[in-house]
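Below: the structure, in structure tokens.
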Amino acid sequence: MEKIRVRFAPSPTGHLHIGGARTALYNWLIARQKKGRFILRIEDTDVERSTEESIRAILEGMKWFGLDWDEGPEKGGDHGPYLQSQRKELYAEAINKLLDEKKAYQCFCTPSELDAKKEKARTNKGQYAYDGTCRDLPKEKLTSSLEDGKPYVIRLKKREDKEIVFKDLIKGEIRIHSDTIDDFIIRRSDGNVVYNFAVVCDDALMKIDHVIRGDDHISNTPKQILLYEALGYDTPFFAHVPMILGEDKTRLSKRHGATSISQYRDDGFLPEALRNYLARLGWGYDDSQEIFSTDDLIKKFSIEKVSKNPAVFNYKKLEWLNGVYIQNLSLEARTEAVIPYLKEAGLIDDKFIRDNPDLLKEIVAVVGDRMKTLKDIVPYSDYFFMEKVQFDEDVKEKIFQKADLADAYQLIAKELEKVKTWDKENIEKELQAISDEVPIKRKDFFQAIRAALTGRLFSPDLTGMMVIMGKEKVLTRITNALNACTKDK
RNA sequence: GUCCCCAUCGUCUAGGGGUUUAGGACACUGGCCUUUCACGCCGGCAACAGGGGUUCAAAUCCCCUUGGGGACGCCA
């Protein structure tokens, strides 16, 4: 049997969308599982909206997401070109063939005439369908119009009274009657073919045998089947993946938060975690497994088991999963991963990294399993890099104004000053002793220290941090906190 | 409006006629661990949209209603 060929065919009118990334992932998983070929094709037939920049963003997004393609831009292949804008001759050939065989025809109706027909259909509450005015134009009329240079589109002569049936790998059998389709346009008056025509041509010529795409394309499928038939090609298998919805169950959009894959990268998500999440969104394997390595996904994924109904995107679950993946990173890998985010926040630069070879690793170690995203490193560690601590508002409210901490801070400063060997064990012992003497609950006592050192209500292990910060810095911060809380009183 | 698709906890799902007092995960929540914040561990809350069939038996099969989504472009 021939090797399976699947494709992802985005239109370069923006970034790589999270929904697109998921269909790309599904295609990729199947190609890898079946040892087939994964093809990337750019659908830039809409010259108005397609941009070079979008193409770059999409390729970059695919690479970051870890989906490598076997044929496509930058890669080439035997079925190229892989940009629709470079395939015009192929389309022209196919169009001429349909014209010769009388399966398609020129239509000289102007946009304003068509608008009027649509308007009329709307007022009569009827469904608009092209009325076929130009379908059987007399030969003389046709040639004279052509000679006059009148602009025209090309329409497919659709088949009459036919039930179009296809078996969808996800949805099952779908049937649509040809009456609900009209003689739709396949080439614009500017000579460019239209999406439905280009996909069919390309998929056929590129020998795509499984078309896996978003389920918003279901209603295009009958038209495309008509085109496959008119052009004399076998139809491929179809699998229509349900949409991703936002919390309010409407189609996921910017309103719901980040939709571009690059945003997830910038927000500190790991590509393998995102792959895991997106694969599991709308697909289940058994009754317990949540964590799937990419190899595991390749082994276990099955398009037939993709759910028929749309899935709501759950950011919290993604965060949880990402946290799990971060925890599984080695200390070295985690430190490397976190560096861009520290730089981005302006906390460190290359010089700093050179001058403090081990410090970063120590900090990442003390932060431990707390991060849900790589970006979380910032609120968990910025106070190591800053000269002075910024006190959060809720620290002032819940710590400084709640109890009288002045005596405690004074005592802490005084006693810690005496610690000779500044290590975890000694600091712990000392803190323990001070805590016994002070009339403050243990919990509040430690929160007070946390507030002084970090300005926050949450942070990594206290004594661990104190070791990294060093005695001098710790004492200064305790004193500063003392001043801050007496001033706030 | 017309056509198409869909329907199990708040969310993602398992379950595909009897094994189900419907399983897991996230979220939420109670507790344990911890001298502190988290992690972790143990527990709790919580669903078969409604109505008709078919059957000895239906979350599972069929029909209708309702609800949601999508498509109706010289966009993709």
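All values below come from the heavy atoms of this structure, side chains included, with hydrogens, waters and symmetry mates left out. The chains referred to below are lettered A, B, ... by the order of the sequence lines, with proteins before strands, and numbering in each begins at 1.
The interatomic distance linking A/Glu48 (CD) with B/G73 (C1') rounds to 14 Å, in whole Å. The CG-P distance, from A/Asp182 to B/U2, rounds to 18 Å in whole Å. Look at CZ on A/Phe108: it is 17 Å from P on B/C74, rounded to the nearest Å. Taking atom CH2 on A/Trp283 and atom C1' on B/U11, their separation rounds to 18 Å, with Å as the unit. Taking atom OH of A/Tyr285 as the reference point, atom P of B/G24 lies 19 Å away to the nearest angstrom. As a whole-Å value, the separation of A/Glu290 CD from B/A27 P is 11 Å. Between the C1' atom of B/U11 and the CG atom of A/Leu278 lies a distance of 15 Å, rounded to the nearest Å. Separating the CD atom of A/Glu113 from the P atom of B/C74 is a distance of 14 Å, rounded to the nearest angstrom.
Taking only distance into account, the side chain of A/Ser189 meets the base of B/C74 through a donor-acceptor pair shorter than 3.5 Å. Remark: the A/Glu247 side chain and the B/G10 base include no donor-acceptor N/O pair separated by less than 3.5 Å.
Closest approach of A/Pro73 to A/Leu83, counting heavy atoms only: CG-CD1, 4.0 Å.
For the pair A/Arg155 and A/Tyr130, the cation sits on the ring face: its NZ or CZ lies under 6.0 Å from the ring centre, inside 45° of the axis.
Look at B/C28: its Watson-Crick or wobble partner, with both distances under 3.5 angstrom, is B/G44. B/G67 and B/C6 make up a base pair, with Watson-Crick or G-U wobble contacts both under 3.5 Å. Using the Watson-Crick or G-U wobble rule with both distances under 3.5 Å, B/A38 pairs with nothing in any strand shown. Shown here, B/A59 forms no base pair; nothing in the strands shown gives a Watson-Crick or G-U wobble contact with both key distances under 3.5 Å. Across all strands shown, B/G1 pairs with B/C72; the Watson-Crick or G-U wobble distances both stay below 3.5 Å.
The gap from the P atom of B/G16 to that of B/C62 amounts to 15 Å, rounded to the nearest Å. Nucleotides B/U54 and B/G15 have their P atoms positioned 29 Å apart, rounded to a whole Å. For the P atoms, the distance linking B/G10 with B/C56 amounts to 35 Å, nearest Å. If you take atom P in B/U21 and the same atom in B/A59, they sit 11 Å apart, rounded to whole Å. On the P atoms, B/A49 is 16 Å away from B/G68, given to the nearest whole Å. The gap from the C1' atom of B/A38 to that of B/C33 amounts to 13 Å, rounded to the nearest Å. The gap from the P atom of B/C48 to that of B/G23 amounts to 13 Å, rounded to the nearest Å. Across B/U60 and B/G69, the matching P atoms stand 24 Å from one another, rounded to whole Å.
At a threshold of 4.0 angstrom between heavy atoms, the contacts of A/Val312 are confined to the sugar-phosphate backbone, with no base atom among them. The residue A/Arg456 sits apart from the nucleic acid: no heavy atom pair falls under 4.0 Å. Residue A/His177 is classed as having no contact, given no heavy-atom separation below 4.0 Å to the nucleic acid. Among the atoms of the strands shown, none is found under 4.0 Å from any heavy atom of A/Thr454. Looking at heavy-atom distances under 4.0 Å, A/Asp190 makes no contact with the nucleic acid at all. At a threshold of 4.0 angstrom between heavy atoms, the contacts of A/Cys107 with the nucleic acid are absent. Looking at heavy-atom distances under 4.0 Å, A/Ser50 makes no contact with the nucleic acid at all. Using a 4.0 Å heavy-atom distance criterion, A/Asn314 is classed as a base contact.
Within 6.0 Å of CD on A/Glu173 lie more than 12 heavy atoms contributed by other residues, nucleotides or ligands.
Partners of A/Phe184 according to the ring pair (Phe, Tyr, Trp, His ring centres under 6.0 Å) rule, which considers only residues two or more places apart in sequence or in another chain, do not exist here. Partners of A/Tyr383 according to the ring pair (Phe, Tyr, Trp, His ring centres under 6.0 Å) rule, which considers only residues two or more places apart in sequence or in another chain, do not exist here. Residues passing the ring pair (Phe, Tyr, Trp, His ring centres under 6.0 Å) test with A/Trp283 are A/Phe292, A/Phe301, sequence neighbours excluded.
Side-chain atoms of A/Lys317 lie closest to B/A25 of the nucleotides B/A14, B/A25, B/A27. Among B/G15, B/U11, B/G70, the nucleotide with an atom closest to any side-chain atom of A/Lys249 is B/U11. Side-chain atoms of A/Lys171 lie closest to B/C5 of the nucleotides B/C74, B/U13, B/C5. Across B/A27, B/C74, B/G24, the shortest atom-to-atom separation from the side chain of A/Lys316 is found for B/A27. Side chain of A/Met243, nearest nucleotide from B/A71, B/U13, B/G70: B/G70. Listed nucleotides: B/C12, B/G15, B/A76. Nearest to the side chain of A/Leu281: B/C12.
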Base-contact (B) and sugar-phosphate-only (S) positions in nucleotides 35-40 of chain B, heavy-atom cut-off under 4.0 Å, - elsewhere: BBBBS-
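Among residue pairs with one or both ends in residues 213-225 of chain A, those qualifying as salt bridge (charged side-chain N to carboxylate O under 4.0 Å, His left out) are A/Lys171-A/Asp215, A/Asp216-A/Arg251; sequence neighbours excluded.
The stretch residues 408-415 of chain A has no heavy atom under 4.0 Å from RNA chain B, so no residue of it qualifies as close.
A salt bridge links A/Lys162 to A/Glu229: at least one charged side-chain nitrogen sits closer than 4.0 Å to a carboxylate oxygen.
The closest side-chain donor-acceptor pair between A/Ser85 and A/Asp44 falls under 3.5 angstrom. Side chains of A/Gln447 and A/Arg450: a donor-acceptor N/O pair is present below 3.5 angstrom, by distance only. Remark: the A/Arg370 side chain and the A/Ser459 side chain contain no N/O donor-acceptor pair separated by less than 3.5 Å.
Comparing A/Lys308 and A/Ala9 along RNA chain B, the residue whose closest nucleotide (by nearest heavy atom) sits nearer the 5' end is A/Lys308. Between A/Gly282 and A/Ile218, the residue anchored nearer the 5' end of RNA chain B, judged by the nucleotide with its closest heavy atom, is A/Ile218.
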Checking side-chain contact (heavy atoms from CB on, under 4.5 Å) for the pair A/Leu156/A/Asp183: CA distance, chi angles, key distance, verdict? CA-CA 5 Å; A/Leu156 183 80; A/Asp183 283 356; over 6 Å; no
Could you check A/Thr463 against A/Lys424 for side-chain hydrogen bond (donor to acceptor under 3.5 Å, both in side chains), going step by step and ending with a plain yes or no? CA-CA 6 Å; A/Thr463 48; A/Lys424 198 167 162 62; 2.8 Å; yes
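Using the six-membered ring where Trp is involved, A/His15 and A/His17 have ring planes that are parallel, under 30° apart on the 30 and 60° scheme.
Contact annotation: A/Thr45 side-chain N/O to B/A76 OP1/OP2 distance is under 4.0 Å. The phosphate of B/U8 (OP1 or OP2) has a side-chain N or O of A/Asn309 nearer than 4.0 angstrom.
For B/C39, the base adopts the syn conformation, since its glycosidic angle falls within 90 degrees of zero.
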